[in-house]
Asks: 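Below are the structure tokens for one structure; questions will follow.
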There are 6 protein chains.
Amino acid sequence: LRIKVINPNTTATMTETIAAAARAVASPGTEIVAATSASGPVSIEGHYDEAVAAIGLIEQIRAGEAAGGDARPDAYVIACFGDPGLLAARELATGPVIGIAEAAMRAATFVATGFSVVTTLARTRVIAEHLVVAYGMERICRRVRAIDVAVLALDDPAGNARARLFEECRRALAEDGSGAIVLGCAGMAELAASLARDLNVPVIDGVAAAVKMAEALVGMGLKTSKHGDLAAPLRKTYVGSLAHLAPE
Amino acid sequence: LRIKVINPNTTATMTETIAAAARAVASPGTEIVAATSASGPVSIEGHYDEAVAAIGLIEQIRAGEAAGGDARPDAYVIACFGDPGLLAARELATGPVIGIAEAAMRAATFVATGFSVVTTLARTRVIAEHLVVAYGMERICRRVRAIDVAVLALDDPAGNARARLFEECRRALAEDGSGAIVLGCAGMAELAASLARDLNVPVIDGVAAAVKMAEALVGMGLKTSKHGDLAAPLRKTYVGSLAHLAPE
Amino acid sequence: LRIKVINPNTTATMTETIAAAARAVASPGTEIVAATSASGPVSIEGHYDEAVAAIGLIEQIRAGEAAGGDARPDAYVIACFGDPGLLAARELATGPVIGIAEAAMRAATFVATGFSVVTTLARTRVIAEHLVVAYGMERICRRVRAIDVAVLALDDPAGNARARLFEECRRALAEDGSGAIVLGCAGMAELAASLARDLNVPVIDGVAAAVKMAEALVGMGLKTSKHGDLAAPLRKTYVGSLAHLAPE
Amino acid sequence: LRIKVINPNTTATMTETIAAAARAVASPGTEIVAATSASGPVSIEGHYDEAVAAIGLIEQIRAGEAAGGDARPDAYVIACFGDPGLLAARELATGPVIGIAEAAMRAATFVATGFSVVTTLARTRVIAEHLVVAYGMERICRRVRAIDVAVLALDDPAGNARARLFEECRRALAEDGSGAIVLGCAGMAELAASLARDLNVPVIDGVAAAVKMAEALVGMGLKTSKHGDLAAPLRKTYVGSLAHLAPE
Amino acid sequence: LRIKVINPNTTATMTETIAAAARAVASPGTEIVAATSASGPVSIEGHYDEAVAAIGLIEQIRAGEAAGGDARPDAYVIACFGDPGLLAARELATGPVIGIAEAAMRAATFVATGFSVVTTLARTRVIAEHLVVAYGMERICRRVRAIDVAVLALDDPAGNARARLFEECRRALAEDGSGAIVLGCAGMAELAASLARDLNVPVIDGVAAAVKMAEALVGMGLKTSKHGDLAAPLRKTYVGSLAHLAPE
Amino acid sequence: LRIKVINPNTTATMTETIAAAARAVASPGTEIVAATSASGPVSIEGHYDEAVAAIGLIEQIRAGEAAGGDARPDAYVIACFGDPGLLAARELATGPVIGIAEAAMRAATFVATGFSVVTTLARTRVIAEHLVVAYGMERICRRVRAIDVAVLALDDPAGNARARLFEECRRALAEDGSGAIVLGCAGMAELAASLARDLNVPVIDGVAAAVKMAEALVGMGLKTSKHGDLAAPLRKTYVGSLAHLAPE
């Protein structure tokens with residue numbers, strides 16, 4: 001079982017963090033293929049970053065599908081909490097495509113009746129709030145919080161990100177009526193375990209959640225429905241610098 | 001990894017169907033412990049059946065938790081599409097407790113933008129519709145349909161249940177704008193694969209979905225949150241014929 | 001006109017409080033028959049307590065329906081703010097069955113455009129919040145608050161429950177934009193009148209509300225619909241320690 | 001206990017129907033004071049009719065409140081299914097003010113998990129649908145249907161209204177998944193009992209429902225909240241032909 | 001292109017403020033005809049004021065429609081943030097009728113993903129909140145705030161309304177996660193530009209928004225749909241002091 | 001006043017249709033600058049087409065903003081009914097950015113209480129349905145319908161698109177309870193007027209609606225809020241083939 005975990009930003013060190021988180025939870029028979037987007041923003045912190053990052057993500061899905069036979073991934077994970085390009089990717093892919101925001105939120109609903117999301121920059125809260133609605137979580141997600149630390153500063157020791165994250169999680173548990181925390185950035189993956197220990201509640205990293213959901217779906221024999229809007233893109237001409245993205 | 005799959009009705013042959021469906025998808029390292037409720041209705045086809053069945057379910061969860069050390073299940077599956085006693089069970093259990101309706105609906109959202117539920121008796125549609133709201137699926141579940149076959153008649157060859165189920169699924173795909181089917185009864189588990197083949201869309205059996213979700217959550221190290229309403233039941237006296245259910 | 005008011009917990013002194021509240025508002029021609037659950041928890045403060053308490057409630061409804069001719073209650077009241085076993089009871093009963101949470105919230109909507117619920121333990125807020133959704137009150141119920149006093153401590157003078165309740169109501173009126181208070185526990189029934197006087201807003205006790213709603217429905221000649229999911233439970237075998245609950 | 005039942009249209013024969021329906025369900029100690037609006041449309045079949053009819057309704061509420069001492073009504077009923085002027089009336093009145101649409105829908109929720117509204121002209125369906133949202137009934141009201149008979153033609157034998165109403169109710173029960181019918185016009189009040197008998201489900205007339213709800217609220221000692229938006233209108237000058245409506 | 005801007009309260013100085021705001025944004029070819037309601041309250045600060053004010057508004061719409069040929073307005077603006085009589089006016093009018101609350105909220109959605117409303121008296125917040133639901137703005141309008149200044153005191157220098165408004169807007173931007181402000185009263189129109197400058201976010205006055213929306217709709221050739229509930233009122237008799245309002 | 005109307009697909013003949021529709025409604029002082037995306041799909045008929053088309057759209061917005069002084073557009077219109085790249089474009093632009101789906105739906109709410117969308121291929125209905133939720137139109141948009149004609153076949157005489165569109169609109173008016181039609185594709189723009197004439201209801205073309213909304217917003221002096229998530233994209237490195245899209 002091969003899962004291609006795609007970091008839709010172009011920062012390879014962040015892909016390493018993501019790959020480590022993925023491998024830490026992968027089942028024995030699961031191969032994690034981590035990929036970094038080849039084109040686009042070094043971090044995704046807004047609607048614009050996200051729209052551009054969808055292209056790099058799409059290229060990785062296309063490359064995955066183009067692989068012959070056994071080399072084709074059984075499932076894909078989009079390792080950015082905005083789930084960029086998710087439905088486009090599902091049109092392309094045969095197997096399941098899982099966004100980490102979606103996976104984390106759905107996982108949270110199994111272990112708590114309410115959760116809070118804690119994300120990086122305040123401006124990205126709206127993106128998470130839109131996903132909360134898209135995924136039907138309005139009544140379960142009690143609040144989206146931000147620590148106002150940039151994505152690439154998460155592992156800068158000077159930024160004190162871990163302490164700020166812990167403090168915001170603590171506030172969420174005290175004020176929001178939540179029983180679990182969803183981490184709002186793939187770059188926070190390595191902090192989930194220690195936060196869970198210190199906070200004594202489920203702290204959910206979307207990368208881990210998405211890998212396990214992908215294994216679960218593949219294990220059930222499920223593929224993306226090709227009946228309706230997720231059917232393969234219609235064959236048509238694409239022109240200009242994006243001509244290579246024309247559906248085949 | 002041990003998953004206790006509980007059939008909350010008292011019909012052992014149905015437990016066998018459920019256990020087979022669970023084992024068919026379980027990972028190599030997963031042990032499926034199937035249990036039949038010791039007390040309550042032989043099938044669950046209404047609010048009343050469900051309320052009573054919650055007790056048999058609770059007894060099985062209590063027995064699971066009472067098991068010492070390694071014998072304690074890592075997770076539980078409630079194998080009835082009404083998810084009876086789900087939140088009560090979560091208070092009792094340390095590990096995750098997964099209802100099959102919840103698991104099936106959440107699995108469906110990963111592979112289609114809309115799904116239809118097809119259940120047994122028309123009177124149980126309201127139960128499924130209430131769960132659709134509870135799980136935030138109002139915009140993704142496009143319709144709950146029924147074939148008006150009793151639960152225990154599902155495998156009665158004379159009842160022609162498979163043909164009626166296929167026909168209702170076919171209608172759902174043609175009329176509802178759905179890309180996937182969620183089977184609305186644990187007793188339909190063994191039909192999922194053949195229906196999926198014939199309909200050429202994802203057909204999701206909740207038993208399989210719940211087992212895989214349970215594996216996923218345990219694999220992520222998640223347990224039920226004990227912060228808030230899912231904390232262990234408060235110790236107090238229970239009296240009368242249910243005195244033995246007092247929290248410990 | 002006979003209304004059976006059922007206390008689904010097993011504490012007889014609380015039944016007395018409930019019966020007094022019921023009789024205080026009953027019309028001249030109304031007979032209040034108060035009953036205490038014979039089996040289950042001494043107080044209901046969580047999902048688990050509630051699931052078990054549904055059985056004791058069901059037994060009381062069955063006993064009521066089994067009464068011949070004139071002895072059969074015209075309506076039932078479930079006197080616990082979680083409305084345990086409500087839909088199951090409706091399947092069993094010919095006449096209306098009213099939950100006190102439901103009755104209190106619906107009564108509130110006639111006298112205010114927004115209300116706050118004030119309940120006992122913080123962990124029970126989620127139960128009330130789920131009912132808010134189930135009853136379509138999301139836009140009218142502005143907040144569910146708790147005073148963190150256990151149900152059975154409500155009338156313990158040392159606990160100062162009345163003062164804490166008053167203070168929380170006062171805060172609700174100042175902060176929530178609410179015009180009325182719904183008391184979130186049957187055990188608060190005797191405080192409603194004095195709180196209303198001191199706060200100068202409608203303070204609604206669900207026991208009183210449910211009795212009056214029951215009288216209203218019976219007075220209109222309404223019975224529980226037996227078309228659809230509230231039809232009498234299907235006859236079937238129940239086994240084990242709950243065999244006596246099989247539908248007749 | 002005095003309930004003033006106001007027909008907001010100006011057709012006295014319809015007031016008689018309404019008064020008869022009100023008296024048929026009123027408790028022994030309840031005095032029904034029926035009033036016909038003195039100014040406005042002879043029937044209410046649209047947003048415009050309704051906006052104008054609110055004035056006649058308001059005049060009747062003002063007259064009621066102006067009555068000294070014992071002559072002041074304890075509660076008011078607005079006997080038109082659009083509930084015209086409801087919140088304005090609540091600002092004016094000390095006691096509860098009940099709209100028949102609101103009362104009928106809330107009564108229905110106690111005896112069925114889903115209901116259909118059957119109203120007169122198709123163009124008035126939108127009014128009922130807006131009330132469905134305002135009252136939080138989106139998930140319980142399954143459909144608003146119309147028989148396309150004008151309000152004043154309801155009791156014209158030539159119009160065959162009763163037969164068309166019966167047929168539409170029958171369709172609602174077969175197609176909508178509803179267990180009860182809410183009649184969408186005060187002029188249908190006298191048909192409720194016979195329809196209930198023939199259809200064998202609860203058929204709810206709002207006039208009866210509102211009278212019983214009014215008795216219930218008064219019996220609980222509830223008055224309209226004067227904390228917030230339903231406080232008495234601010235004293236201020238009104239000019240022109242409506243100067244006499246200035247708050248006192 | 002002629003737009004009749006109707007002040008539904010009877011204070012002529014406020015009409016002047018409104019007319020000035022309307023003319024300040026009107027296109028060269030647009031004639032603004034400002035009208036003051038001839039009958040009703042001097043300010044609209046509650047449900048009751050609003051119900052009565054709907055009549056004065058209706059009279060102005062009728063007068064507009066009665067004008068022959070070129071004198072008939074191409075569109076109408078209802079210049080009170082409660083949008084009184086909106087749907088009634090739409091039945092009467094051939095051209096579009098725009099409420100300022102509706103126009104302001106819809107305009108806000110084009111320039112921000114979230115906005116806050118800041119209105120006058122606290123008691124009118126509920127009116128705005130009801131409109132938020134009616135217009136589908138629940139997820140975009142993040143909060144309705146009030147400065148507790150009466151409508152007619154807005155331009156009383158002693159009342160310091162501008163400073164309080166500025167302070168409340170500032171708080172909204174800091175606390176609500178909003179990117180724009182919607183002013184909740186026509187009387188605030190002249191403050192919009194200076195507030196926008198000082199706050200450095202879009203501050204939307206409904207009068208300006210409604211005039212521009214009216215121009216836009218007329219420019220597209222759109223008129224009010226006469227298919228369904230907005231068709232001209234049915235011809236019928238109106239009696240009493242409102243007989244003159246009978247549809248023609 | 002300069003509005004840049006961007007066709008996010010790469011078919012120049014469709015841009016001509018769009019430009020003609022835009023110019024047909026533009027005010028005298030408005031300059032319409034029509035642009036065709038330079039890269040991407042020749043038509044947009046799915047999530048994948050849309051994700052890729054967002055890039056061509058973004059390039060056009062960037063080019064617009066890069067224009068010095070007077071040459072910079074005052075507003076932008078995204079002329080595809082999926083509103084691709086809308087929020088990304090708003091981060092980039094100083095002036096308002098209007099999607100045609102959003103503009104059409106909001107325009108419809110001013111002239112009808114319910115509308116139906118009629119779009120091209122069935123598979124694109126889900127895209128429109130997602131926008132319906134995003135724009136708060138769940139209760140106003142009564143149904144999304146499709147004629148199953150490809151975008152580029154709309155003006156193929158052999159395809160009979162106009163007749164199929166007319167027929168589907170007619171059905172929408174008869175069955176959906178809608179009073180207006182929203183055309184679900186920019187390529188239908190030239191048919192709006194004749195359909196409106198034949199159907200005798202408002203038929204709304206999003207291109208016209210967006211141009212008029214853009215004029216309205218600019219006329220009010222509104223620009224995109226730069227407080228919060230629509231602030232200019234953070235400066236950061238973009239790499240690979242999309243490096244040129246890095247925010248400046």
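Lettering of chains follows the sequences in order, A, B, ..., and the numbering in each one begins at 1.
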Asks: I'd like to know if the side chain of E:H227 and the backbone of F:A180 have a donor-acceptor N/O pair within less than 3.5 Å.
Replies: no
Asks: Tell me, for E:S27 versus chain F, whether the close heavy atoms (under 4.5 Å) come from the side chain, the backbone, both or neither.
Replies: neither
Asks: Chain E: which of F:D205, F:I98, F:L86 shares the most heavy-atom pairs with it under 4.5 Å?
Replies: F:I98
Asks: Evaluate the side chain to side chain contact (heavy atoms under 4.5 Å, CB included) criterion for residues F:K212 and E:L217: first the C-alpha distance (whole Å), next the side-chain angles of each, then the deciding distance (0.1 Å), finally the verdict.
Replies: CA-CA 7 Å; F:K212 299 310 284 183; E:L217 295 167; over 6 Å; no
Asks: Can you tell which part of E:F115 gets under 4.5 Å to a heavy atom of chain F, answering side chain, backbone, both or neither?
Replies: neither
Asks: With a 4.5 Å heavy-atom cut-off, do E:R139 and F:V133 have their side chains touching?
Replies: yes
Asks: Please classify the contact between E:K223 and chain F as side chain, backbone, both or neither, with a heavy-atom cut-off of under 4.5 Å.
Replies: backbone
Asks: Can you tell me which portion of E:A209 sits under 4.5 Å from chain F's heavy atoms? Options are side chain, backbone, both or neither.
Replies: both
Asks: If you round to the nearest 0.5 Å, how far is OG1 of E:T113 from CG of F:L87?
Replies: 7.0 Å
Asks: So which heavy atom on F:A134 is nearest to which on E:I140, and how close?
Replies: O-CD1, 4.3 Å
Asks: Counting heavy-atom pairs under 4.5 Å to chain F, which of E:G228, E:G179, E:A231, E:S178 comes out on top?
Replies: E:G179
Asks: So which part of F:V97 gets closer than 4.5 Å to some heavy atom of chain E, the side chain, the backbone, both or neither?
Replies: backbone
Asks: Identify, with sequence neighbours excluded, every residue that meets side chain to side chain donor-acceptor pair (under 3.5 Å) alongside F:T119.
Replies: F:T124
Asks: If every non-hydrogen atom of F:R106 is compared with every non-hydrogen atom of E:T109, which pair is closest and at what distance?
Replies: NE-OG1, 2.7 Å
Asks: Of the listed residues (E:L222, E:V25, E:V211, E:V111), which shares the most heavy-atom pairs with chain F below a 4.5 Å separation?
Replies: E:V111
Asks: Check whether any side-chain heavy atom of F:M213 sits under 4.5 Å from a side-chain heavy atom of E:M213, and report yes or no.
Replies: yes
Asks: Could you give the side-chain donor-acceptor pairs of residues 191-204 of chain F under 3.5 Å, partners two or more places apart or in another chain?
Replies:
from: F:S194; atom 1: OG; to: F:R162; atom 2: NE; distance (Å): 3.4
from: F:S194; atom 1: OG; to: F:R162; atom 2: NH2; distance (Å): 2.6
from: F:D198; atom 1: OD2; to: F:R162; atom 2: NH2; distance (Å): 3.0

Asks: Spell out, as yes or no, whether a donor-acceptor pair under 3.5 Å connects the side chain of F:R90 to the backbone of E:F110.
Replies: yes
Asks: Would you mind checking which part of F:L173 comes under 4.5 Å of any heavy atom in chain E, side chain (CB onward), backbone (N, CA, C, O), both or neither?
Replies: both
